[in-house]
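Remember, it's 1-based here, ligands and their atoms both numbered in the order they're listed.
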Amino acid sequence: MTMMMGEKWAQLGSVIGSIMFAWAMFNQYFPQQLRDFILKYGHKFVGFLSPNIHITFHEFSGEYFKRSEAYAAIQTYLSDKSSMKAKNLKAEVVKDSSQSVILSMAENEEVTDEFEGVKLLWVSMKHTPRTQSFSWFPEAADGKRYYKLTFHKSKREFVTRTYIHHVLQEGKEITVRNRQRKLYTNNPSQNWHGYQARKWSHVAFEHPSTFDTLAMESKKKEEIKNDLAKFSQGKEYYKKIGKAWKRGYLLYGPPGTGKSSMIAAMADFLKYDIYDLELTTVKDNTELRKLLIETTSKSIIVIEDIDCSLDLTGQRKKKKKKKVEEEETKDPVSKMAKDEEEESNTKVTLSGLLNFIDGIWSANGGERLIIFTTNHVEKLDPALIRRGRMDKRIELSYCCFQAFKVLAMNYLDVDSHPLFETIGHLLEETNMTPADVAENLMPKSLTEDADTCLKNLIEALETAKEEARKKAEEDMRLKVEKEEKEKQQVAQEDVKVDESLAKEVKENCVEVVKG
Ligand SMILES: Nc1ncnc2c1ncn2[C@@H]1O[C@H](COP(=O)(O)OP(=O)(O)OP(=O)(O)O)[C@@H](O)[C@H]1O
Ligand SMILES: [Mg+2]
(Lines give C-alpha, C1' and ligand atoms only; values in the text may rest on other atoms or scores of the structure.)
(Ligands and ions follow the chains in the order given, each with its own letter.)
Protein backbone atom coordinates (compact mmCIF):
# COMPACT_ATOMS: atom_id res chain seq x y z
CA MET A 1 0.00 0.00 0.00
CA THR A 2 2.67 2.47 1.06
CA MET A 3 4.67 1.39 -1.94
CA MET A 4 1.80 2.23 -4.25
CA MET A 5 1.32 5.63 -2.64
CA GLY A 6 5.02 6.31 -2.98
CA GLU A 7 4.94 5.37 -6.66
CA LYS A 8 1.95 7.66 -7.29
CA TRP A 9 3.75 10.59 -5.66
CA ALA A 10 6.82 9.91 -7.74
CA GLN A 11 4.71 9.82 -10.91
CA LEU A 12 2.94 13.04 -10.00
CA GLY A 13 6.27 14.69 -9.27
CA SER A 14 7.63 13.75 -12.67
CA VAL A 15 4.48 14.98 -14.46
CA ILE A 16 4.73 18.36 -12.71
CA GLY A 17 8.41 18.48 -13.52
CA SER A 18 7.70 17.85 -17.22
CA ILE A 19 5.03 20.52 -17.36
CA MET A 20 7.32 23.07 -15.73
CA PHE A 21 10.09 22.20 -18.09
CA ALA A 22 7.80 22.53 -21.13
CA TRP A 23 6.54 25.90 -19.85
CA ALA A 24 10.10 27.15 -19.34
CA MET A 25 11.03 26.03 -22.87
CA PHE A 26 7.93 27.66 -24.29
CA ASN A 27 8.78 30.96 -22.57
CA GLN A 28 12.44 30.77 -23.54
CA TYR A 29 12.38 29.69 -27.17
CA PHE A 30 9.15 31.07 -28.58
CA PRO A 31 9.31 34.77 -29.37
CA GLN A 32 6.91 37.04 -27.48
CA GLN A 33 4.57 37.58 -30.46
CA LEU A 34 4.34 33.89 -31.25
CA ARG A 35 3.67 33.16 -27.61
CA ASP A 36 0.82 35.70 -27.50
CA PHE A 37 -0.55 34.25 -30.72
CA ILE A 38 -0.52 30.72 -29.43
CA LEU A 39 -2.08 31.72 -26.12
CA LYS A 40 -4.80 33.76 -27.82
CA TYR A 41 -5.81 31.27 -30.50
CA GLY A 42 -5.21 28.29 -28.29
CA HIS A 43 -7.71 29.81 -25.94
CA LYS A 44 -10.15 30.31 -28.80
CA PHE A 45 -9.66 26.77 -29.99
CA VAL A 46 -10.35 25.38 -26.54
CA GLY A 47 -13.37 27.72 -26.31
CA PHE A 48 -14.68 26.30 -29.57
CA LEU A 49 -14.63 22.80 -28.15
CA SER A 50 -15.82 23.76 -24.66
CA PRO A 51 -19.52 23.58 -23.89
CA ASN A 52 -19.27 26.53 -21.48
CA ILE A 53 -20.02 30.21 -21.82
CA HIS A 54 -18.26 32.96 -19.86
CA ILE A 55 -19.53 36.38 -18.96
CA THR A 56 -17.31 38.96 -17.31
CA PHE A 57 -18.35 41.85 -15.11
CA HIS A 58 -15.70 44.55 -14.71
CA GLU A 59 -15.39 46.74 -11.67
CA PHE A 60 -14.77 49.98 -13.51
CA SER A 61 -16.42 50.64 -16.77
CA GLY A 62 -17.73 53.33 -19.05
CA GLU A 63 -16.80 56.95 -19.06
CA TYR A 64 -15.09 58.48 -16.03
CA PHE A 65 -14.39 55.02 -14.70
CA LYS A 66 -17.52 54.88 -12.68
CA ARG A 67 -17.60 51.93 -10.33
CA SER A 68 -20.04 49.51 -11.84
CA GLU A 69 -23.20 48.98 -9.83
CA ALA A 70 -23.48 45.46 -11.16
CA TYR A 71 -19.98 44.64 -9.91
CA ALA A 72 -20.83 45.96 -6.45
CA ALA A 73 -24.06 43.97 -6.33
CA ILE A 74 -22.31 40.78 -7.47
CA GLN A 75 -19.59 41.33 -4.92
CA THR A 76 -22.13 41.57 -2.12
CA TYR A 77 -24.07 38.58 -3.41
CA LEU A 78 -20.95 36.46 -3.65
CA SER A 79 -19.66 37.63 -0.27
CA ASP A 80 -22.83 36.30 1.22
CA LYS A 81 -22.37 32.97 -0.57
CA SER A 82 -18.63 32.69 -0.38
CA SER A 83 -18.22 33.36 3.33
CA MET A 84 -19.79 29.92 3.74
CA LYS A 85 -18.05 28.11 0.91
CA ALA A 86 -14.81 29.69 -0.24
CA LYS A 87 -11.63 29.16 1.68
CA ASN A 88 -9.73 32.22 0.57
CA LEU A 89 -11.46 35.30 1.80
CA LYS A 90 -10.51 38.92 1.88
CA ALA A 91 -11.59 40.99 4.87
CA GLU A 92 -12.35 44.67 4.69
CA VAL A 93 -13.13 46.77 7.71
CA VAL A 94 -15.99 49.03 6.84
CA LYS A 95 -16.78 51.96 9.06
CA ASP A 96 -20.19 52.62 7.70
CA SER A 97 -21.74 49.24 8.26
CA SER A 98 -23.28 47.42 11.15
CA GLN A 99 -21.14 44.42 10.24
CA SER A 100 -17.77 45.95 10.93
CA VAL A 101 -15.91 43.36 8.84
CA ILE A 102 -17.02 42.48 5.33
CA LEU A 103 -15.70 39.32 3.76
CA SER A 104 -15.31 38.92 0.05
CA MET A 105 -13.67 36.46 -2.28
CA ALA A 106 -9.95 36.80 -2.72
CA GLU A 107 -8.49 36.96 -6.24
CA ASN A 108 -8.69 33.76 -8.29
CA GLU A 109 -11.05 32.25 -5.77
CA GLU A 110 -13.92 30.20 -7.13
CA VAL A 111 -17.44 29.83 -5.82
CA THR A 112 -20.10 27.56 -7.21
CA ASP A 113 -23.68 28.67 -7.02
CA GLU A 114 -26.86 26.80 -7.68
CA PHE A 115 -30.08 28.50 -8.65
CA GLU A 116 -33.25 26.67 -9.65
CA GLY A 117 -31.23 23.51 -10.16
CA VAL A 118 -28.67 25.13 -12.51
CA LYS A 119 -25.02 25.04 -11.47
CA LEU A 120 -22.86 28.08 -12.11
CA LEU A 121 -19.28 28.99 -11.41
CA TRP A 122 -18.02 32.40 -10.35
CA VAL A 123 -14.33 33.30 -10.33
CA SER A 124 -12.95 36.58 -9.07
CA MET A 125 -10.06 37.66 -11.31
CA LYS A 126 -7.61 40.49 -11.59
CA HIS A 127 -6.01 41.66 -14.81
CA THR A 128 -2.69 43.31 -13.98
CA PRO A 129 -1.53 45.73 -16.68
CA ARG A 130 1.95 45.06 -18.04
CA THR A 131 2.97 48.66 -18.38
CA GLN A 132 2.71 50.73 -15.29
CA SER A 133 0.11 53.33 -16.10
CA PHE A 134 -0.97 56.23 -14.03
CA SER A 135 -4.54 56.38 -12.93
CA TRP A 136 -6.58 58.74 -10.83
CA PHE A 137 -8.37 55.77 -9.40
CA PRO A 138 -6.31 53.86 -6.87
CA GLU A 139 -8.47 50.74 -7.18
CA ALA A 140 -8.13 50.74 -10.94
CA ALA A 141 -4.38 51.36 -10.87
CA ASP A 142 -3.38 48.15 -9.17
CA GLY A 143 -5.17 46.06 -11.76
CA LYS A 144 -8.65 45.65 -13.13
CA ARG A 145 -10.77 43.39 -11.09
CA TYR A 146 -13.62 41.49 -12.59
CA TYR A 147 -15.88 38.53 -11.99
CA LYS A 148 -16.17 35.74 -14.50
CA LEU A 149 -19.34 33.72 -14.62
CA THR A 150 -19.17 30.32 -16.29
CA PHE A 151 -22.11 28.13 -17.19
CA HIS A 152 -23.19 25.53 -19.70
CA LYS A 153 -24.24 26.92 -23.07
CA SER A 154 -27.63 25.24 -22.90
CA LYS A 155 -28.44 27.58 -19.99
CA ARG A 156 -27.65 30.78 -21.85
CA GLU A 157 -31.23 32.01 -21.89
CA PHE A 158 -31.88 31.11 -18.26
CA VAL A 159 -28.74 32.91 -17.11
CA THR A 160 -29.17 36.07 -19.13
CA ARG A 161 -32.89 36.39 -18.50
CA THR A 162 -33.30 35.13 -14.94
CA TYR A 163 -30.14 34.36 -13.04
CA ILE A 164 -28.23 37.61 -13.49
CA HIS A 165 -31.33 39.57 -12.60
CA HIS A 166 -31.66 37.47 -9.46
CA VAL A 167 -28.04 38.06 -8.47
CA LEU A 168 -28.24 41.83 -8.92
CA GLN A 169 -31.53 42.06 -7.06
CA GLU A 170 -30.34 39.90 -4.18
CA GLY A 171 -27.04 41.79 -3.98
CA LYS A 172 -28.82 45.11 -3.69
CA GLU A 173 -31.14 43.74 -1.03
CA ILE A 174 -28.23 42.44 1.03
CA THR A 175 -26.59 45.87 0.79
CA VAL A 176 -29.74 47.52 2.13
CA ARG A 177 -29.99 44.95 4.90
CA ASN A 178 -26.40 45.42 6.00
CA ARG A 179 -26.04 49.14 5.72
CA GLN A 180 -25.86 51.29 8.78
CA ARG A 181 -29.15 53.09 9.10
CA LYS A 182 -29.10 56.79 9.78
CA LEU A 183 -31.09 59.23 11.83
CA TYR A 184 -31.28 62.63 10.17
CA THR A 185 -32.31 65.87 11.81
CA ASN A 186 -32.86 69.12 9.96
CA ASN A 187 -30.45 72.00 10.52
CA PRO A 188 -31.85 75.51 11.04
CA SER A 189 -31.75 77.34 7.72
CA GLN A 190 -29.20 79.95 8.86
CA ASN A 191 -26.68 77.07 8.78
CA TRP A 192 -27.54 76.00 5.23
CA HIS A 193 -24.91 78.17 3.57
CA GLY A 194 -21.16 78.20 3.63
CA TYR A 195 -18.46 75.60 3.72
CA GLN A 196 -19.76 72.04 3.94
CA ALA A 197 -23.25 73.28 4.73
CA ARG A 198 -25.96 70.69 4.86
CA LYS A 199 -29.69 70.77 5.32
CA TRP A 200 -29.73 67.53 7.28
CA SER A 201 -27.19 66.20 9.78
CA HIS A 202 -27.08 62.54 10.57
CA VAL A 203 -25.90 60.12 13.20
CA ALA A 204 -25.92 56.35 13.18
CA PHE A 205 -29.35 55.09 14.11
CA GLU A 206 -29.14 52.39 16.72
CA HIS A 207 -32.43 52.43 18.57
CA PRO A 208 -32.94 49.11 20.38
CA SER A 209 -36.72 49.03 19.90
CA THR A 210 -38.00 46.37 17.49
CA PHE A 211 -41.39 44.81 16.87
CA ASP A 212 -40.33 41.98 19.17
CA THR A 213 -39.76 44.30 22.09
CA LEU A 214 -42.82 46.42 21.38
CA ALA A 215 -45.63 45.81 23.84
CA MET A 216 -49.04 45.68 22.18
CA GLU A 217 -51.66 43.16 21.15
CA SER A 218 -50.11 40.62 18.83
CA LYS A 219 -52.96 40.86 16.33
CA LYS A 220 -52.49 44.59 15.95
CA LYS A 221 -48.74 44.15 15.68
CA GLU A 222 -49.07 41.58 12.90
CA GLU A 223 -51.49 43.82 11.05
CA ILE A 224 -49.01 46.70 11.11
CA LYS A 225 -46.14 44.47 10.03
CA ASN A 226 -48.18 43.12 7.12
CA ASP A 227 -49.13 46.61 6.08
CA LEU A 228 -45.49 47.68 6.07
CA ALA A 229 -44.33 44.61 4.18
CA LYS A 230 -47.00 45.12 1.55
CA PHE A 231 -45.98 48.75 1.16
CA SER A 232 -42.27 48.02 0.81
CA GLN A 233 -42.94 45.44 -1.89
CA GLY A 234 -45.50 47.55 -3.68
CA LYS A 235 -43.38 49.34 -6.27
CA GLU A 236 -45.23 47.93 -9.25
CA TYR A 237 -48.60 48.30 -7.58
CA TYR A 238 -48.15 52.00 -6.85
CA LYS A 239 -46.95 52.51 -10.41
CA LYS A 240 -50.01 50.73 -11.74
CA ILE A 241 -52.48 52.80 -9.79
CA GLY A 242 -50.61 56.01 -10.59
CA LYS A 243 -49.88 57.03 -7.03
CA ALA A 244 -46.65 58.19 -5.45
CA TRP A 245 -44.98 55.35 -3.60
CA LYS A 246 -45.56 56.65 -0.11
CA ARG A 247 -47.74 55.93 2.85
CA GLY A 248 -48.88 58.10 5.73
CA TYR A 249 -49.33 56.95 9.29
CA LEU A 250 -50.77 58.78 12.24
CA LEU A 251 -49.73 57.47 15.63
CA TYR A 252 -51.72 58.83 18.51
CA GLY A 253 -52.10 58.15 22.18
CA PRO A 254 -51.08 59.44 25.61
CA PRO A 255 -47.41 60.07 26.43
CA GLY A 256 -45.41 56.92 27.14
CA THR A 257 -47.52 54.52 25.14
CA GLY A 258 -44.79 53.74 22.63
CA LYS A 259 -45.24 56.05 19.66
CA SER A 260 -41.55 56.82 19.27
CA SER A 261 -40.67 53.20 20.02
CA MET A 262 -43.04 52.10 17.27
CA ILE A 263 -41.32 54.38 14.75
CA ALA A 264 -37.95 52.88 15.66
CA ALA A 265 -39.41 49.40 15.29
CA MET A 266 -40.79 50.28 11.86
CA ALA A 267 -37.40 51.59 10.73
CA ASP A 268 -35.78 48.41 11.97
CA PHE A 269 -38.36 46.24 10.22
CA LEU A 270 -38.06 47.98 6.86
CA LYS A 271 -34.37 48.88 7.19
CA TYR A 272 -35.18 52.48 6.36
CA ASP A 273 -33.45 55.67 7.47
CA ILE A 274 -35.31 58.14 9.63
CA TYR A 275 -35.69 61.86 8.93
CA ASP A 276 -36.80 63.53 12.12
CA LEU A 277 -38.31 66.77 10.87
CA GLU A 278 -38.42 69.48 13.52
CA LEU A 279 -40.98 71.87 12.09
CA THR A 280 -40.46 74.63 14.63
CA THR A 281 -37.08 75.48 13.09
CA VAL A 282 -38.43 75.52 9.54
CA LYS A 283 -39.15 79.10 8.57
CA ASP A 284 -41.63 78.71 5.74
CA ASN A 285 -43.06 76.43 3.09
CA THR A 286 -40.15 77.03 0.71
CA GLU A 287 -37.72 75.74 3.30
CA LEU A 288 -39.98 72.81 3.98
CA ARG A 289 -39.95 71.89 0.30
CA LYS A 290 -36.17 72.14 0.11
CA LEU A 291 -35.82 69.85 3.09
CA LEU A 292 -38.23 67.25 1.80
CA ILE A 293 -36.67 67.19 -1.64
CA GLU A 294 -33.33 66.28 -0.09
CA THR A 295 -34.64 63.18 1.63
CA THR A 296 -33.61 59.92 0.04
CA SER A 297 -35.87 57.02 -0.77
CA LYS A 298 -36.24 54.13 1.67
CA SER A 299 -36.84 56.52 4.48
CA ILE A 300 -39.33 57.46 7.16
CA ILE A 301 -40.11 61.13 7.58
CA VAL A 302 -41.24 61.77 11.11
CA ILE A 303 -43.03 64.80 12.46
CA GLU A 304 -43.52 64.35 16.19
CA ASP A 305 -46.21 66.14 18.18
CA ILE A 306 -47.79 67.64 15.10
CA ASP A 307 -50.31 69.60 17.17
CA CYS A 308 -47.48 71.47 18.92
CA SER A 309 -45.13 72.01 16.01
CA LEU A 310 -47.57 73.33 13.47
CA ASP A 311 -49.97 76.15 14.13
CA LEU A 312 -52.92 74.25 12.77
CA THR A 313 -55.30 77.08 13.42
CA GLY A 314 -52.85 79.67 12.07
CA GLN A 315 -54.67 80.36 8.86
CA ARG A 316 -57.97 80.89 10.50
CA LYS A 317 -56.51 83.18 13.14
CA LYS A 318 -54.77 85.19 10.47
CA LYS A 319 -57.94 85.73 8.49
CA LYS A 320 -59.75 87.06 11.53
CA LYS A 321 -56.88 89.39 12.30
CA LYS A 322 -56.91 90.68 8.74
CA LYS A 323 -60.58 91.55 8.92
CA VAL A 324 -60.07 93.64 12.02
CA GLU A 325 -57.17 95.37 10.36
CA GLU A 326 -59.17 96.11 7.23
CA GLU A 327 -61.71 97.91 9.28
CA GLU A 328 -59.04 99.85 11.13
CA THR A 329 -56.78 100.79 8.23
CA LYS A 330 -58.37 103.05 5.76
CA ASP A 331 -55.08 103.83 3.99
CA PRO A 332 -54.61 101.13 1.22
CA VAL A 333 -50.86 101.63 0.83
CA SER A 334 -49.97 100.98 4.42
CA LYS A 335 -52.39 98.05 4.41
CA MET A 336 -50.55 96.41 1.51
CA ALA A 337 -47.23 96.83 3.25
CA LYS A 338 -48.64 95.25 6.34
CA ASP A 339 -49.99 92.28 4.37
CA GLU A 340 -46.64 91.69 2.76
CA GLU A 341 -44.88 91.78 6.06
CA GLU A 342 -47.31 89.24 7.38
CA GLU A 343 -46.82 87.02 4.36
CA SER A 344 -43.06 86.87 4.85
CA ASN A 345 -43.55 86.00 8.49
CA THR A 346 -45.82 83.13 7.63
CA LYS A 347 -44.67 79.94 9.24
CA VAL A 348 -45.08 76.55 7.69
CA THR A 349 -48.74 76.18 6.91
CA LEU A 350 -50.97 73.21 7.00
CA SER A 351 -51.76 73.54 3.31
CA GLY A 352 -48.03 73.65 2.48
CA LEU A 353 -47.47 70.48 4.38
CA LEU A 354 -50.47 68.79 2.83
CA ASN A 355 -49.26 69.63 -0.66
CA PHE A 356 -46.02 67.80 -0.04
CA ILE A 357 -47.78 64.86 1.48
CA ASP A 358 -49.91 64.67 -1.62
CA GLY A 359 -46.83 63.87 -3.59
CA ILE A 360 -45.22 66.98 -5.00
CA TRP A 361 -41.81 65.40 -4.63
CA SER A 362 -42.84 61.97 -5.81
CA ALA A 363 -40.57 62.48 -8.80
CA ASN A 364 -37.43 61.27 -7.07
CA GLY A 365 -37.93 57.66 -6.29
CA GLY A 366 -40.65 57.34 -3.72
CA GLU A 367 -40.64 54.63 -1.10
CA ARG A 368 -41.20 56.90 1.83
CA LEU A 369 -43.28 56.65 4.93
CA ILE A 370 -44.56 59.79 6.55
CA ILE A 371 -45.42 59.46 10.20
CA PHE A 372 -47.11 62.01 12.39
CA THR A 373 -47.46 61.57 16.10
CA THR A 374 -49.71 63.39 18.50
CA ASN A 375 -51.02 63.12 22.03
CA HIS A 376 -54.27 64.90 21.12
CA VAL A 377 -55.84 63.49 17.99
CA GLU A 378 -58.98 65.53 18.63
CA LYS A 379 -57.01 68.77 18.15
CA LEU A 380 -55.91 67.93 14.63
CA ASP A 381 -57.46 69.55 11.62
CA PRO A 382 -59.73 67.04 9.85
CA ALA A 383 -58.04 67.98 6.56
CA LEU A 384 -54.78 66.55 7.86
CA ILE A 385 -56.11 63.21 8.91
CA ARG A 386 -58.67 62.43 6.25
CA ARG A 387 -58.33 59.05 4.56
CA GLY A 388 -56.03 59.06 1.58
CA ARG A 389 -53.75 61.51 3.29
CA MET A 390 -53.12 59.49 6.41
CA ASP A 391 -53.49 55.97 5.10
CA LYS A 392 -53.44 54.35 8.48
CA ARG A 393 -54.18 55.56 11.96
CA ILE A 394 -52.73 53.63 14.82
CA GLU A 395 -53.88 54.23 18.35
CA LEU A 396 -51.35 53.41 21.02
CA SER A 397 -53.08 53.09 24.29
CA TYR A 398 -52.70 52.05 27.90
CA CYS A 399 -51.08 48.75 28.69
CA CYS A 400 -53.30 45.70 28.19
CA PHE A 401 -52.59 42.21 29.46
CA GLN A 402 -51.01 41.04 26.18
CA ALA A 403 -48.74 44.06 26.11
CA PHE A 404 -47.79 43.39 29.73
CA LYS A 405 -46.79 39.84 28.82
CA VAL A 406 -44.37 41.13 26.19
CA LEU A 407 -42.83 43.48 28.75
CA ALA A 408 -42.61 40.72 31.39
CA MET A 409 -40.78 38.56 28.87
CA ASN A 410 -38.43 41.38 27.87
CA TYR A 411 -37.67 42.69 31.32
CA LEU A 412 -37.85 39.57 33.50
CA ASP A 413 -37.70 36.60 31.13
CA VAL A 414 -40.93 35.16 32.51
CA ASP A 415 -43.83 34.09 30.34
CA SER A 416 -46.17 32.83 33.05
CA HIS A 417 -46.47 33.38 36.76
CA PRO A 418 -49.18 32.96 39.45
CA LEU A 419 -49.31 36.74 39.86
CA PHE A 420 -50.21 37.30 36.19
CA GLU A 421 -53.92 36.83 36.85
CA THR A 422 -54.06 39.57 39.49
CA ILE A 423 -52.10 41.87 37.20
CA GLY A 424 -54.47 41.10 34.32
CA HIS A 425 -57.49 42.18 36.41
CA LEU A 426 -55.78 45.29 37.69
CA LEU A 427 -54.78 46.33 34.17
CA GLU A 428 -58.40 46.09 33.07
CA GLU A 429 -59.48 48.39 35.89
CA THR A 430 -56.60 50.86 35.76
CA ASN A 431 -55.00 52.94 33.05
CA MET A 432 -51.24 52.61 33.13
CA THR A 433 -48.96 53.35 30.17
CA PRO A 434 -46.50 50.70 28.94
CA ALA A 435 -43.72 53.12 29.94
CA ASP A 436 -44.90 53.08 33.58
CA VAL A 437 -45.44 49.32 33.58
CA ALA A 438 -41.94 48.85 32.20
CA GLU A 439 -40.48 51.17 34.80
CA ASN A 440 -42.15 49.22 37.62
CA LEU A 441 -41.09 45.88 36.19
CA MET A 442 -37.44 46.78 35.93
CA PRO A 443 -35.35 45.29 38.77
CA LYS A 444 -34.09 48.14 40.97
CA SER A 445 -31.16 46.20 42.39
CA LEU A 446 -29.14 43.11 41.62
CA THR A 447 -30.96 41.13 44.32
CA GLU A 448 -34.48 41.78 43.05
CA ASP A 449 -36.01 38.77 41.36
CA ALA A 450 -39.06 38.42 39.10
CA ASP A 451 -41.34 37.80 42.09
CA THR A 452 -40.43 41.08 43.77
CA CYS A 453 -40.69 43.02 40.52
CA LEU A 454 -44.18 41.67 39.80
CA LYS A 455 -45.25 42.52 43.34
CA ASN A 456 -43.88 46.04 42.86
CA LEU A 457 -46.01 46.36 39.76
CA ILE A 458 -49.12 45.16 41.61
CA GLU A 459 -48.49 47.72 44.32
CA ALA A 460 -48.05 50.48 41.76
CA LEU A 461 -51.24 49.41 39.97
CA GLU A 462 -53.20 49.43 43.22
CA THR A 463 -51.90 52.88 44.08
CA ALA A 464 -52.82 54.11 40.60
CA LYS A 465 -56.28 52.58 40.97
CA GLU A 466 -56.80 54.27 44.33
CA GLU A 467 -55.61 57.61 42.95
CA ALA A 468 -57.92 57.29 39.97
CA ARG A 469 -60.82 56.54 42.32
CA LYS A 470 -60.04 59.58 44.46
CA LYS A 471 -59.70 61.76 41.40
CA ALA A 472 -63.03 60.55 40.04
CA GLU A 473 -64.66 61.34 43.39
CA GLU A 474 -63.11 64.78 43.48
CA ASP A 475 -64.21 65.44 39.89
CA MET A 476 -67.71 64.34 40.79
CA ARG A 477 -67.75 66.63 43.83
CA LEU A 478 -66.58 69.60 41.76
CA LYS A 479 -69.17 68.86 39.11
CA VAL A 480 -72.00 68.73 41.62
CA GLU A 481 -70.74 71.96 43.23
CA LYS A 482 -70.62 73.68 39.86
CA GLU A 483 -74.12 72.55 38.95
CA GLU A 484 -75.38 73.72 42.34
CA LYS A 485 -73.83 77.16 41.78
CA GLU A 486 -75.34 77.43 38.32
CA LYS A 487 -78.76 76.53 39.69
CA GLN A 488 -78.47 79.20 42.35
CA GLN A 489 -77.47 81.79 39.79
CA VAL A 490 -80.44 80.93 37.57
CA ALA A 491 -82.76 81.18 40.57
CA GLN A 492 -81.35 84.61 41.50
CA GLU A 493 -81.78 85.85 37.95
CA ASP A 494 -85.38 84.59 37.93
CA VAL A 495 -86.09 86.60 41.07
CA LYS A 496 -84.60 89.71 39.46
CA VAL A 497 -86.71 89.24 36.33
CA ASP A 498 -89.81 88.79 38.47
CA GLU A 499 -89.08 91.97 40.36
CA SER A 500 -88.53 94.07 37.25
CA LEU A 501 -91.61 92.59 35.63
CA ALA A 502 -93.67 93.45 38.70
CA LYS A 503 -92.30 97.00 38.61
CA GLU A 504 -93.18 97.39 34.95
CA VAL A 505 -96.69 96.08 35.45
CA LYS A 506 -97.15 98.43 38.38
CA GLU A 507 -96.02 101.47 36.36
CA ASN A 508 -98.30 100.51 33.49
CA CYS A 509 -101.22 100.19 35.88
CA VAL A 510 -100.51 103.62 37.31
CA GLU A 511 -100.46 105.08 33.77
CA VAL A 512 -103.73 103.38 32.91
CA VAL A 513 -105.34 104.75 36.07
CA LYS A 514 -103.99 108.26 35.25
CA GLY A 515 -105.21 107.96 31.70
N1 LIG B 1 -45.56 49.79 23.72
C2 LIG B 1 -44.36 49.78 24.32
N3 LIG B 1 -43.57 48.68 24.24
C4 LIG B 1 -42.37 48.66 24.82
N5 LIG B 1 -41.85 49.67 25.52
C6 LIG B 1 -42.58 50.78 25.64
C7 LIG B 1 -43.88 50.90 25.03
N8 LIG B 1 -44.37 52.10 25.31
C9 LIG B 1 -43.45 52.72 26.04
N10 LIG B 1 -42.37 51.94 26.25
C11 LIG B 1 -41.18 52.32 27.04
O12 LIG B 1 -41.37 53.63 27.51
C13 LIG B 1 -40.42 54.54 26.98
C14 LIG B 1 -41.12 55.75 26.38
O15 LIG B 1 -41.88 55.37 25.27
P16 LIG B 1 -42.00 56.24 23.94
O17 LIG B 1 -40.95 57.29 23.89
O18 LIG B 1 -42.07 55.32 22.78
O19 LIG B 1 -43.41 56.91 24.19
P20 LIG B 1 -44.17 57.98 23.32
O21 LIG B 1 -45.55 57.45 23.09
O22 LIG B 1 -43.38 58.36 22.14
O23 LIG B 1 -44.29 59.19 24.34
P24 LIG B 1 -44.37 60.76 24.01
O25 LIG B 1 -45.77 61.04 23.57
O26 LIG B 1 -44.07 61.38 25.33
O27 LIG B 1 -43.36 61.06 22.97
C28 LIG B 1 -39.65 53.78 25.91
O29 LIG B 1 -38.30 54.05 26.02
C30 LIG B 1 -39.94 52.32 26.18
O31 LIG B 1 -38.91 51.78 26.96
MG1 LIG C 1 -42.39 60.12 21.56
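Listed by atom number, the atoms of ligand 1 under 4.0 Å from Leu407 heavy atoms are 4 (C). Close approach of ligand 1 to Thr213 is summarised as follows: ligand atoms under 4.0 Å from at least one heavy atom of the residue are 3 (N), 4 (C).
Closest heavy-atom contact between Met432 and Val437: SD-CG2, 3.7 Å.
Distance check, rounded to the nearest 0.5 Å: NZ of Lys220 to CG of Leu214 gives 10.0 Å. Atom CG of Leu251 is separated from atom CD1 of Ile263 by 5.5 Å, given to the nearest 0.5 angstrom. Residue Asn440 holds its CG atom at 9.0 Å from OG1 of Thr463, rounded to the nearest 0.5 Å.
The side-chain contact (heavy atoms from CB on, under 4.5 Å) with Pro434 is formed by just one residue from the set Val406, Thr257, Leu396; it is Thr257.
At least one heavy atom of Gly256 sits less than 4.0 Å from an atom of ligand 1. Heavy-atom separations between Asp305 and ligand 1 are all 4.0 Å or longer.
Nearest protein heavy-atom contact of atom 26 (O) of ligand 1 is Pro255 CB, 3.6 Å. Nearest protein neighbour of atom 25 (O) of ligand 1, counting heavy atoms only, is Lys259 NZ, 2.9 Å. Protein heavy atom nearest atom 19 (O) of ligand 1, with residue, atom name and distance: Gly258 N, 3.4 Å. Protein heavy atom at the shortest distance from atom 12 (O) of ligand 1 is Ala435 CB, 3.2 Å. At the shortest separation from atom 31 (O) of ligand 1 among protein heavy atoms lies Tyr411 OH, 3.8 Å. The protein atom (non-hydrogen) at minimum distance from atom 17 (O) of ligand 1 is Ser260 CB, 3.7 Å.
Between Glu367 and Tyr238, the side chains place no donor N or O within less than 3.5 Å of an acceptor N or O (distance only, hydrogens not considered). There is no side-chain donor-acceptor pair under 3.5 Å between Tyr398 and Thr430. The closest side-chain donor-acceptor pair between Ser260 and Glu304 falls under 3.5 angstrom. With hydrogens and angles left out, the side-chain atoms of Ser299 and Asp273 include no donor and acceptor closer than 3.5 Å. Between the side chains of Thr374 and Asp307, at least one donor N or O lies within less than 3.5 Å of an accepting N or O.
Any N or O atom pair closer than 3.5 Å counts here, and Glu304 shares no such pair with ligand 1. By the 3.5 Å distance cut-off applied to N or O atoms, Leu214 is not counted among the residues near ligand 1.
For Ala215, heavy-atom contacts with ligand 1 shorter than 4.0 Å involve the backbone as well as the side chain. Contact annotation: for Val406 versus ligand 1, there are no heavy atoms closer than 4.0 Å.
At least one N, O or S atom of Ser260, from either the backbone or the side chain, sits less than 2.8 Å from the Mg ion (ligand 2).
Counting only non-hydrogen atoms, the option in Pro254, Pro434, Ser261 that gets closest to atom 28 (C) of ligand 1 is Ser261.
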